[in-house]
Trainee: 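Here's a structure for you.
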Amino acid sequence: MERAVAIATTMLAVGLMLTSASAQTSNTEQAAASLPAEKPVKPAAKSSGGYFIEFRAARIGIYGHSYVAYGRLDRFGNPDSTTYADRHPMGNYAIMALGHFVPVPANTEWDPEVLDLPIAHKYRVKLNDSQYNNLLAAVKRANANTSYWNAVTNNCNHYVGQLAEAVGLRVPGAFHMSMGFIPDLQEMNEAAAPPMADPTRPAKSPKKKSAIAATLATETNALGR
């Protein structure tokens with residue numbers, strides 16, 4: 001009798017444990033079902049719209065200073081990130097004045113105060129991946145090879161011209177005032193670009209024109225006979 005009571009008690013306890021576990025599982029499933037479903041994470045939209053280089057002439061002194069701004073464009077065509085580069089004499093105005101006669105130490109470390117100078121002219125060109133990689137390599141070479149500054153043989157225009165050539169642009173003579181060098185750079189390259197066709201006027205087929213001309217010539221000959 002005692003053994004039967006013990007077995008019954010054990011079975012009752014196991015049943016209560018199973019019932020409790022089942023209830024907890026059911027409650028957990030109901031709670032999980034009541035939570036809002038997680039939305040799938042969408043991949044971030046690409047913001048790159050290509051690259052650019054902008055050639056600038058700043059107003060300072062008699063002939064100004066040329067430098068470049070370059071970087072990535074966003075999908076709207078606006079600069080998303082910008083880096084600046086130039087070559088200038090190391091030291092004060094006395095060193096720069098001396099650099100008109102003899103080579104003086106040069107510097108390519110960017111000076112943020114240049115951005116405070118008023119811009120006389122700027123010319124922006126969009127770049128593809130290949131052109132941008134060429135530009136980065138040219139900046140690295142130009143910065144590594146900077147040994148001196150001279151107003152005649154190795155000035156800021158020479159530096160800017162090296163970067164312009166790296167992206168495939170034509171470059172005017174560097175012996176310019178900077179405020180004339182950048183406008184000449186723009187004019188030279190825009191004049192060299194082929195004119196764009198008017199999309200509202202489709203071009204006439206040369207073959208069709210030749211056929212019409214041949215027909216007119218035939219009719220003229222027939223009338224002449």
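If you're wondering where the values come from, they're calculated on a predicted model, not measured in any experiment.
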Trainee: For His65 and Asp86: C-alpha separation, side-chain torsions, deciding distance, then whether side-chain hydrogen bond (donor to acceptor under 3.5 Å, both in side chains) applies.
Mentor: CA-CA 9 Å; His65 176 63; Asp86 71 350; 2.7 Å; yes
Trainee: Does Asn78 reach the main-chain N or O of Asp74 with its side chain, forming a donor-acceptor pair under 3.5 Å?
Mentor: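 Side chain of Asn78 to backbone of Asp74: no pair is present.
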Trainee: Distance under 6.0 Å and angle within 45° of the ring axis: does Arg124 meet both against Phe52?
Mentor: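 Output yes; distance and angle both within limits.
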Trainee: Looking at NE2 of His121 and CZ of Phe181, how far apart are the two atoms once the value is rounded to the nearest 0.5 Å?
Mentor: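 Output value for this atom pair is 12.0 Å.
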Trainee: If you compare all heavy atoms of Glu165 against all heavy atoms of Val171, which two are closest, and at what distance to 0.1 Å?
Mentor: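 In terms of heavy atoms, the two residues are closest at CG-CG2, 3.3 Å.
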Trainee: Please round to the nearest 0.5 Å and tell me the distance separating atom OG of Ser178 and atom CD1 of Ile62.
Mentor: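 Between Ser178 OG and Ile62 CD1, I get 12.5 Å after rounding to 0.5 Å.
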Trainee: Kindly compute the distance separating CD (Glu54) from CZ (Arg56), expressed to the nearest 0.5 Å.
Mentor: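 Those atoms lie 4.5 Å apart.
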Trainee: Side chains of Asp184 and His176: is there a donor and an acceptor less than 3.5 Å apart?
Mentor: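 Looking only at side-chain atoms, His176 and Asp184 do form a donor-acceptor pair, the distance falling under 3.5 Å.
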Trainee: Any idea which heavy atoms bring Ile182 and Ala57 closest together, and the distance?
Mentor: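 Taking every non-hydrogen atom into account, CG1-CB, 3.7 Å.
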Trainee: For the side-chain contact (heavy atoms from CB on, under 4.5 Å) test, which of Val167, Leu127, Val125, Leu136 pairs with Tyr70?
Mentor: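 So the option named by the test is Leu136.
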Trainee: Short question: side chain of Asn107, backbone of Pro89 - any donor-acceptor pair under 3.5 Å?
Mentor: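 A pair under 3.5 Å: no.
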Trainee: Might you point out which heavy atoms bring Ala166 and Asn134 nearest each other, and give the distance in Å?
Mentor: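 In terms of heavy atoms, the two residues are closest at O-CB, 3.4 Å.
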Trainee: Without hydrogens or angle criteria, can the side chains of Thr153 and Asn150 be said to hold a donor-acceptor pair below 3.5 Å?
Mentor: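 Asn150 and Thr153 do have a side-chain donor-acceptor pair below 3.5 Å.
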Trainee: To check you understand the geometry: which heavy-atom pair defines the closest contact between Leu73 and Tyr51, and what is its length?
Mentor: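 What the structure gives for the nearest pair is CD1-O, 3.6 Å.
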Trainee: May I ask whether Phe101 and Val152 are part of the same hydrophobic cluster, defined by side-chain heavy atoms of I, L, V, M, F, W, Y residues being less than 4.5 angstrom apart, directly or through others?
Mentor: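 Cluster IDs for Phe101 and Val152 differ.
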Trainee: Per the side-chain hydrogen bond (donor to acceptor under 3.5 Å, both in side chains) rule, which among Asn143, Asn154, Asn157, Asn155 passes with Arg87?
Mentor: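 Single side-chain hydrogen bond (donor to acceptor under 3.5 Å, both in side chains) partner of Arg87 among Asn143, Asn154, Asn157, Asn155: Asn154.
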Trainee: Please report the interatomic distance CE(Met90) to CH2(Trp149), rounded to the nearest 0.5 Å.
Mentor: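 Reported value, rounded in 0.5 Å steps: 13.0 Å.
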Trainee: Is there a path of hydrophobic side-chain contacts, each under 4.5 Å between heavy atoms, that joins Tyr123 and Met179?
Mentor: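 No, because Tyr123 and Met179 fall into different hydrophobic clusters, even though each may have its own neighbours under 4.5 Å.
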Trainee: To the nearest 0.5 Å, what is the distance between OH on Tyr132 and CD1 on Ile53?
Mentor: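 Rounded to the nearest 0.5 Å, the OH-CD1 separation comes to 9.5 Å.
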Trainee: Hey, quick one: are Ile60 and Trp110 part of the same hydrophobic cluster, counting side-chain heavy atoms closer than 4.5 Å, chains of contacts allowed?
Mentor: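 Yes; Trp110 is reachable from Ile60 via cluster members.
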Trainee: Classify the ring geometry of Tyr84 against Tyr67: parallel below 30°, tilted from 30° to 60°, perpendicular beyond 60°.
Mentor: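 Because their plane-to-plane angle lies in the 30° to 60° range, the rings of Tyr84 and Tyr67 count as tilted.
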Trainee: Show, in sequence, the C-alpha distance, side-chain angles and deciding distance for His100 and Tyr63, and conclude whether the ring pair (Phe, Tyr, Trp, His ring centres under 6.0 Å) test is met.
Mentor: CA-CA 13 Å; His100 286 69; Tyr63 40 76; 5.8 Å; yes
Trainee: From Leu169 CG over to Glu190 CD, what is the distance, rounded to the nearest 0.5 angstrom?
Mentor: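 Between atom CG of Leu169 and atom CD of Glu190 there are 10.5 Å.
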Trainee: Would a 4.5 Å heavy-atom cut-off, applied to side chains only, mark Thr108 and Tyr159 as touching?
Mentor: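 When only atoms from C-beta onward are counted, Tyr159 and Thr108 do touch, with a gap below 4.5 Å.
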Trainee: Does one hydrophobic cluster hold both Tyr93 and Ile95, with members joined at side-chain heavy-atom distances below 4.5 Å?
Mentor: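 Yes; tracing contacts between hydrophobic side chains, which count when under 4.5 Å, links both residues.
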Trainee: Indicate, with yes or no, if Leu115 and Ile119 share a hydrophobic cluster defined by side-chain heavy-atom contacts under 4.5 Å among Ile, Leu, Val, Met, Phe, Trp and Tyr.
Mentor: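 Ile119 and Leu115: one cluster.
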